[in-house]
Protein chains: 2
Amino acid sequence: MGRRSDHTRDELREIIIREGHRQMEEAGFARFSAREVAKRIGYSIGTLYNVFGSYDHLILAINGRTLDLWLAYLERRLAGVEDDRLHVAVDAYFQFALDHRHAWTALFDFRLPEGEAPPEDYAVKLTAIVDAVEREVASELPPEHADKAPALTRSLLATVHGHCFFALNGTFELLGVTDPLGTALERVRDALDRYRQNRE
Amino acid sequence: MGRRSDHTRDELREIIIREGHRQMEEAGFARFSAREVAKRIGYSIGTLYNVFGSYDHLILAINGRTLDLWLAYLERRLAGVEDDRLHVAVDAYFQFALDHRHAWTALFDFRLPEGEAPPEDYAVKLTAIVDAVEREVASELPPEHADKAPALTRSLLATVHGHCFFALNGTFELLGVTDPLGTALERVRDALDRYRQNRE
DNA sequence: TATTTTATTGAACGGTGTATAATTGTGTGC
DNA sequence: GCACACAATTATACACCGTTCAATAAAATA
């Protein structure tokens, strides 16, 4: 068969990503299959490779979609909130991960070949999330420490990530930790206290 | 061929784990292949399945070996150290991950099927590492807060893990973070200050 | 020595990502 | 209106993967 003007290239791209993301949410990274995605949308496997070039690029596109959803969720949660916005942001981190277990986990299961950098649009999506959190961190810092916001934001994200990761992968359950979110929030508060009390 | 008394079952187990671990360090979780391990030790793929029962159990055995090496390294680093032992422990966390990138990452890339618990000996190995760190955390806490050591240890491990993970998977590089270890150590100090200053 | 037990094999199966030659519908120029 | 060129799509082939299992051969037992 030849050209099938049902869809433009971009529409097809969108269809594949949508179904791919659904697949990722259902099956998880380990069981994800590009062939299965092709089958479900009624295209052949070859078409996926014409559109994305490789398995890795398909995964990057799907993970990019997850980042989009993540940022949108974060902004929705923060909209209109006046008090404790950073608290809400951390809670949203956990809640999104719990609501999209497999897709969220896939963000960290996938790794590019050594030395290869992620495409720019992927980096942009990630940075957008970090920037959104950075705004909340900055507003919690006293003005004289405003310059600490970027570095502190990245450290707090790592901190929260560690707690969230251990909560989802069963490590905390194995170790008897019962309130990962509450614990993560304690660590965030501890870090902010460093600057609120003018130590160092 | 039939019984080949070159090795006992346990010796063969050991041989497979040793070569499997080597393979894991070289290729990483995504490219790891049980068939390749079999080929390299001169046994057939069927034999691996007779010994371990499944791919998952083979991986668990290899990851268990990584945990053994991790604990041994941590103890070696702490041996004879008198000051700043917790600092050394955190440094050892990072250094082991860097020295055994692929094997360390595989600990977190691998996930058992939903609802399945890891075998007890795996849990024991993990707990041993946590306990070793807990001793150092406890010795940093004032006596009146000794009861906080278990929960705080698990939280600090998650904190350090998050920083180490982002350092290794390229996230920090993408975000311009230059000193992941130093940043993690700051977060550890912040958490300890909560109890050293008698807040809350 | 005959028989049972046990370790080991390797082929078969259904799945994967990847590459590419062949095919077919569409749009263009004559 | 028709032939041609283009571009999208497919089907097939390939080399791998984890998994299963009947067949086999060597050691242990009787």
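In what follows, every chain begins at residue 1, and chains take the letters A, B, ... in the order their sequences are listed. This one's a predicted model, so the numbers in the text were calculated from it and none came from an experiment.
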Enquirer: Between atom CZ in B:Arg31 and atom C1' in C:dT16, what is the gap in whole Å?
Expert: 14 Å
Enquirer: In whole Å, what is the span from the CZ atom of B:Arg9 to the C1' atom of D:dA27?
Expert: 14 Å
Enquirer: With a 4.0 Å heavy-atom cut-off, tell me which residues in residues 47-57 of chain A come close to DNA chain D, sorted by residue number.
Expert: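 Under 4.0 Å from DNA chain D: A:Thr47, A:Asn50.
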Enquirer: Tell me which one of B:Arg135, B:Arg194, B:Arg196 satisfies salt bridge (Lys or Arg N to Asp or Glu O under 4.0 Å) with B:Glu140.
Expert: B:Arg196
Enquirer: Any pair with a residue in residues 80-90 of chain A that passes side chain to side chain donor-acceptor pair (under 3.5 Å), sequence neighbours left out, goes on the list, sorted by first then second residue, please.
Expert: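 Counting only pairs at least two positions apart or across chains, the side chain to side chain donor-acceptor pair (under 3.5 Å) contacts touching residues 80-90 of chain A are A:Arg85-A:Glu136.
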Enquirer: Could you list the residues that satisfy salt bridge (charged side-chain N to carboxylate O under 4.0 Å, His left out) with A:Asp131, not counting sequence neighbours?
Expert: none
Enquirer: Give the rounded distance in Å between these two atoms: CD1 of B:Ile45 and C1' of C:dT8.
Expert: 13 Å
Enquirer: Calculate the interatomic distance between A:Phe32 atom CZ and C:dG17 atom P; express it in whole Å.
Expert: 8 Å
Enquirer: Backbone N or O of A:Ala61 within a donor-acceptor pair of the A:Arg65 side chain at under 3.5 Å?
Expert: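 Looks like no, no N/O pair under 3.5 Å.
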Enquirer: Pairs in or reaching into residues 168-180 of chain B: which pass side chain to side chain donor-acceptor pair (under 3.5 Å), with residues at least two apart or in two chains?
Expert: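 Residue pairs with at least one partner in residues 168-180 of chain B: B:Asn169-B:Thr171.
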Enquirer: Please state how far atom NZ in A:Lys39 lies from atom C1' in C:dG17, giving the value in whole angstrom units.
Expert: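 Rounded to the whole Å, the gap is 15 Å.
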Enquirer: When the distance from CD of B:Gln23 to P of D:dC16 is rounded to whole Å, what number comes out?
Expert: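 For the pair B:Gln23 CD and D:dC16 P, the rounded distance is 14 Å.
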Enquirer: Checking all strands, does A:Ser33 fall into the base, sugar-phosphate, or nothing category for heavy-atom contacts under 4.0 angstrom?
Expert: sugar-phosphate
Enquirer: Checking A:Asp56 now: which residues fulfil salt bridge (charged side-chain N to carboxylate O under 4.0 Å, His left out) with it, not counting sequence neighbours?
Expert: none
Enquirer: Establish whether the base of D:dG18 is bridged to the side chain of B:Arg35 by a donor-acceptor pair shorter than 3.5 Å.
Expert: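 Between D:dG18 and B:Arg35, which were checked side chain against base, a qualifying N/O pair under 3.5 Å is present.
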Enquirer: Using the ring-ring contact (aromatic ring centres under 6.0 Å, His included) criterion, which residues pair with B:Phe166? Sequence neighbours excluded.
Expert: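 Per chain and number, B:Phe166 pairs via ring-ring contact (aromatic ring centres under 6.0 Å, His included) with A:His161, B:Phe172.
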Enquirer: Compute the bend angle of the helix from C:dT1-D:dA30 to C:dC30-D:dG1 from the end axes (five pairs per end), rounded to 10°.
Expert: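 Answer rounded to 10°: the end axes differ by 20°.
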Enquirer: Does A:Glu19 have any side chain to side chain donor-acceptor pair (under 3.5 Å) partners at least two apart in sequence or in another chain, and if so, which?
Expert: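 Testing A:Glu19 for side chain to side chain donor-acceptor pair (under 3.5 Å), a comparison that skips the adjacent residues, returns A:Arg22.
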Enquirer: Tell me what A:Ile59 touches on the nucleic acid: a base, only sugar-phosphate, or nothing, going by heavy atoms under 4.0 Å.
Expert: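 It contacts nothing in the nucleic acid.
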Enquirer: Atom OH of A:Tyr43 to atom P of C:dT24: distance rounded to whole Å?
Expert: 17 Å
Enquirer: Quick one: which residue pairs count as a side chain to side chain donor-acceptor pair (under 3.5 Å) with a foot in residues 101-115 of chain A, not counting sequence neighbours?
Expert: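 Sorted result for residues 101-115 of chain A: A:His102-B:Glu114, A:Asp109-B:Arg111, A:Arg111-B:Asp109, A:Glu114-B:His102.
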Enquirer: How many Å lie between CZ on A:Phe110 and P on C:dG17, as a whole number?
Expert: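 My rounded result for the distance is 13 Å.
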